[in-house]
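Values reported hereafter were calculated over all heavy atoms of this structure, with side chains retained and with hydrogens, waters and symmetry mates removed.
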Amino acid sequence: MLKTLVMQIKEFKRDVIVTPICMILEVVFETVIPFLMASIIDNGVEAGNIQHIYKVGGWMVASALCGLLCGILGGRFSSRAATGYARNLREAMFENIQSFSFSNIDKYSTAGLVTRLTTDVINIQNALQMLLRMCFRAPFSMICAMAMAFVINARLAAIYLVAVAILGVLLFLIVTSAMEYFQQAFPKYDDMNASVQENVSAIRVVKAYVREEHETNKFKRASQNIYDIFMKAEYKVIWNAPLLQITVYGCILLISWIGAKMIVSHTLTTGELMSLLTYCMNILMNLMMLSMVFVMLTMSVASARRIVEVLEEKSDLSNPENPVFQVKDGSIRFENVDFAYQKASGEPVLRQVNLDIRSGETIGVIGGTGSAKTSLVNLISRLYDVTAGKVFVGGRDVREYDMETLRNQVAVVLQKNVLFSGTILENLRWGKADATEEECRQACRLACADEFIEKMPDGYHTYIEQGGANVSGGQKQRLCIARALLKQPKILILDDSSSAVDTATDSKIRQAFAQGIPGTTKLIIAQRISSVEGADRIIVMDNGQVNGFGSHEELLGENEIYREVYESQKSGGGDFDEKAGES
């Protein structure tokens, strides 16, 4: 874990090295000051030597200024290292997430990934900054102060040593007991972020069903869970302060009492006693700082594990050693294909699928909910790998291709596709970054999107809100179809992507496809028979298996499922999942 985290320091190595040096120098200058103060009291004030006071006072001012400068530089370098490190962590995680296959993404919730990129990274950032400044400064300051105390008077310095040992053990016990609560807290942020994300993305549904109070209570519960865990941890940590105060004041009283006796017996000077008291505060305050460092590190360990989990996650899919960079045509072949989302023990969602689709064909795919229609087409662009068997595109196993090359030649339009904030042209150019405006217009004509775009005040320069909030569902689907067409793919998959489009427009789109992209293999997943009956052939899926494969006329005569659905829909019945005759 540590190696993975250290790798992200990258260009900030110099800052990470320089910060502790600045902190150590600051401690050296601070440690000298009480020693100089003792000299002023003993050799200047009590001896009435004003020149000595000026001389040593000048050294004290110089030491203080040098210590201040080192502290400022240490703060600057540590801030740059911590913030830069946080930036590198976020970039590394986001880049790795982009490489995930669908099966990798399935392991994480969206809210969980957001928490890792925000809250967890901030915890690591704060921990690194404190580590660079305090984790070097505090121990070194304690050692220097202890050494100077022993130089002044070993008998009194031994009191510090005993106090530090006792206090150190007590603080360690407090921090370790609080550790378990901090480890429980940060995963709870996932639940809270999930509640916010779900509420905001579905705010129209929440308001339509008047569920604001229910959602508010759900968020309160998630927030209360975090509060309760942190309060349990804080109840442990708050003992740090009283224990420290008891130890500090106990040491001061003991040293003052013994020191006063030693001054009377002329074995200790007043200046030395003042220095010892200063070192006492220095030692015990630095011990307190160390305890805070341990608390922060404890909090960050849970975050570090969650971050490393994402950084070390490897995509289930990878390019072969010598990948193929050209897809010959849009032909597709499934050969004894089985597929399960959980390869080790998962129930197969596809079983013994055998299909042979010629390049340029229009293939309809129908089936009930859960019949694995989408799972079938996801294997074509290698969003998942088969559990058994082979999938061929252009005559080659999809696992032989460079994944980017394959996916550029297989365009997928989903039922719930996404538009991004930006103009219509910017959204369309996701399909082809260097597409001209005329190419975009031609793709929109094929997708029957030009008719509503040209009615907009700014036409193709109309700004699309995040998620396509300012266009209708049907308009969004047509823009997504146009975006896919700009890729000029050899295979086009429409995964129920005309569900929000009226029947007349759906028919226009299919006619435009037949005339505009005759060489592209088209797979149309639909619930409406009218959307697929004009296809060259139709696949009927049932419970993860191919129940029928043929033309509309052949399936009407030979396939009972297809015939029942056709009769049900033509007679005014329900959708595919309803049996024939039911309404």
Which residues pass the salt bridge (Lys or Arg N to Asp or Glu O under 4.0 Å) test with [X], sequence neighbours left out?
X    : result
E465 : none
R483 : none
E554 : none

In this structure, are over 12 heavy atoms from other groups packed under 6.0 Å from [X] atom [atom1]?
X    : atom1 : answer
K390 : NZ    : no
E437 : CD    : yes
K432 : NZ    : yes

Close side-chain approach of [X] to [Y], heavy-atom, < 4.5 Å:
X    : Y    : value
C444 : L428 : yes
L425 : H461 : yes
I453 : L479 : yes
F334 : N354 : no
L486 : E439 : yes

Shortest non-hydrogen contact from [X] to [Y]?
X    : Y    : answer
T521 : S359 : OG1-CA, 3.4 Å
L317 : L383 : CD1-O, 3.6 Å
T19  : S78  : OG1-N, 3.2 Å
V532 : I538 : O-CD1, 3.4 Å
L492 : A484 : CD1-CB, 4.0 Å
L132 : A81  : CD1-CB, 4.0 Å

Would you list the atom pairs, donor with acceptor, under 3.5 Å between side chains in residues 3-15 and any protein atom, with sequence neighbours excluded?
residue, atom, partner, partner atom, Å
T4, OG1, E312, OE2, 2.5
E11, OE2, R87, NH2, 2.4
D15, OD1, R80, NE, 3.2
D15, OD1, R80, NH2, 2.7
D15, OD2, R80, NE, 3.3

Is a side-chain N or O of [X] found less than 3.5 angstrom from the main chain of [Y], in a donor-acceptor match?
X    : Y    : answer
D495 : V412 : no
K373 : G367 : yes
K522 : I517 : yes
R478 : C448 : yes
S223 : F219 : no
N217 : E213 : yes
R351 : G544 : no
S381 : R407 : no
R399 : R382 : no

Rounded distance (nearest 0.5 Å) linking atom [atom1] of [X] with atom [atom2] of [Y]:
X    : Y    : atom1 : atom2 : answer
L113 : I97  : CG    : CD1   : 4.5 Å
L446 : L485 : CG    : CG    : 6.0 Å
F392 : L355 : CZ    : CG    : 13.0 Å
D120 : T118 : CG    : OG1   : 7.0 Å
L419 : N427 : CG    : CG    : 5.0 Å
L379 : D385 : CG    : CG    : 8.5 Å

Considering only NZ, NE, NH1 and NH2 on the basic side and carboxylate oxygens on the acidic side, decide whether R445 and E438 come within less than 4.0 Å.
yes

Salt-bridge criterion met for E309 and R305 (N-O under 4.0 Å):
no

Please name all residues satisfying side-chain hydrogen bond (donor to acceptor under 3.5 Å, both in side chains) with [X], sequence neighbours left out, ordered by chain then number.
X    : answer
N547 : N559
T216 : none
S331 : D329
E553 : none

Without hydrogens or angle criteria, can the side chains of S375 and Y384 be said to hold a donor-acceptor pair below 3.5 Å?
no

I'd like to know if the side chain of Q125 pairs up with that of T83 as donor and acceptor (distance under 3.5 Å, no hydrogens or angles considered).
no

Could you give me the CA-CA distance, side-chain angles and deciding distance for Q409 and I491, then say whether side-chain contact (heavy atoms from CB on, under 4.5 Å) is met?
CA-CA 6 Å; Q409 293 301 323; I491 299 171; over 6 Å; no

Going through the checks in order, is the side-chain contact (heavy atoms from CB on, under 4.5 Å) test met by V410 and V327?
CA-CA 10 Å; V410 181; V327 179; over 6 Å; no

Pairs flagged by salt bridge (charged side-chain N to carboxylate O under 4.0 Å, His left out) wherever residues 422-431 is involved - sequence neighbours left out
none

Enumerate the salt bridge (charged side-chain N to carboxylate O under 4.0 Å, His left out) contacts for residues 535-550, please, sequence neighbours excluded, ordered by first and then second residue.
E361-R537

Working for side-chain contact (heavy atoms from CB on, under 4.5 Å), residues E454 and R441:
CA-CA 10 Å; E454 290 170 0; R441 289 177 181 272; 4.2 Å; yes

Qualifying ring pair (Phe, Tyr, Trp, His ring centres under 6.0 Å) pairs, either residue in residues 505-553, two or more places apart:
H552-Y562, H552-Y566

Please walk me through it: do M541 and L350 pass side-chain contact (heavy atoms from CB on, under 4.5 Å)?
CA-CA 10 Å; M541 295 297 297; L350 288 170; 3.8 Å; yes

Could you tell me which residues satisfy ring-ring contact (aromatic ring centres under 6.0 Å, His included) with F452, sequence neighbours excluded, listed by chain and number?
none

Tell me whether the rings of F420 and W430 are parallel (<30°), tilted (30 to 60°) or perpendicular (>60°).
parallel

